[in-house]
Amino acid sequence: MNGKIELKEYYIIEHYINNEYVRALDKDFTDLYKVKKYLKDILDSEVNYNYVCNKNNSYALVKVVYNDSTKDWDYYEILPKISVKDYSYMNCEDKEKYFKVND
C-alpha cells in the first residue's frame, strides 16, 4: 500500500420483513438519484402488485463507506425505513418529501 486511505462509497437498499432484517438488495449503486428511483419503483410495484403479501415488507436506503486500509464498513441511513403499508397511505406530496432527502 502507498499509505493512502481508500474510501469506497456506495448505496444499498436494506430489505426487512415484519421489521426483521432480511438482506441488502444491491451494492452497486453509486448514484443517489438512481438508487432512490430504484427504491421508489420497488415500493410502487409492491403497493400495486399483491399488496396483501407485500404490506409487511419494509425498506431503508443506506450509504456504505468502506475503508480499504482498515477493512471497516460504516453505514449511514439516508432514507429511514418505510413499510409498503405506510407508503401506500402516503399522498403524492408526502412521497415527494420522503424521497427529497439529501437532494
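In what follows, every heavy atom counts, from backbone to side chain, and hydrogens, waters and symmetry copies are set aside.
- Partners of Asn50 under the side chain to side chain donor-acceptor pair (under 3.5 Å) rule, at least two apart in sequence or in another chain, do not exist in this structure.
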Please report, to 0.1 Å, the donor-acceptor pairs under 3.5 Å made by any side chain of residues 7-15, with sequence neighbours excluded.
from  : atom 1 : to    : atom 2 : distance (Å)
Glu9  : OE1    : Lys63 : NZ     : 3.4
Tyr10 : OH     : Trp73 : NE1    : 3.4
Glu14 : OE1    : Tyr16 : OH     : 2.8

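- The CD atom of Glu93 sits 12.0 Å away from the NZ atom of Lys100 when rounded to the nearest 0.5 Å.
- Taking OH of Tyr59 as the reference point, atom CG of Leu61 lies at 13.5 Å (rounded to 0.5 Å).
- When the side chains of ILVMFWY residues are joined at heavy-atom separations under 4.5 Å, either directly or via intervening members, Ile78 and Val62 end up in two distinct hydrophobic clusters.
- The stretch residues 38-62 participates, sequence neighbours left out, in these salt bridge (Lys or Arg N to Asp or Glu O under 4.0 Å) pairs: Lys37-Asp41, Lys40-Asp44.
- Grouping the Ile, Leu, Val, Met, Phe, Trp and Tyr side chains by contacts below 4.5 angstrom, directly or via other members, places Val47 with Leu39.
- Under the side chain to side chain contact (heavy atoms under 4.5 Å, CB included) criterion, Tyr89 pairs with Tyr51, Lys85, not counting sequence neighbours.
- Smallest separation of non-hydrogen atoms from Asp94 and Asn91: N-OD1, 2.7 Å.
- Partners of Asp72 according to the side chain to side chain contact (heavy atoms under 4.5 Å, CB included) rule, which considers only residues two or more places apart in sequence or in another chain, are Thr70.
- The OG atom of Ser83 lies 11.5 Å from the CG atom of Asn54; values are rounded to the nearest 0.5 Å.
- Contact detail for Ile17 and Asn57: the closest heavy-atom pair is CG1-OD1, 3.3 Å.
- Put simply, the side chain of Lys81 never gets that close to the backbone of Ser58: no donor and acceptor are under 3.5 Å apart.
- In this structure Glu20 satisfies the side chain to side chain contact (heavy atoms under 4.5 Å, CB included) test with no other residue, sequence neighbours excluded.
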Pair Ile42, Leu25 - check side chain to side chain contact (heavy atoms under 4.5 Å, CB included), show working.
CA-CA 11 Å; Ile42 290 170; Leu25 296 185; 3.5 Å; yes

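- Between Tyr87 and Phe99, the ring planes are perpendicular. Angles over 60° get that label, and only those under 30° would be called parallel.
- In terms of heavy-atom proximity, Lys71 sits nearest to Tyr66 at CD-OH, 3.0 Å.
- Considering only heavy atoms from C-beta on, Val84 comes within 4.5 Å of Leu43 through its side chain.
- Listed by chain and residue number, nothing satisfies the ring-ring contact (aromatic ring centres under 6.0 Å, His included) test with Tyr98 (two or more places apart in sequence, or in another chain).
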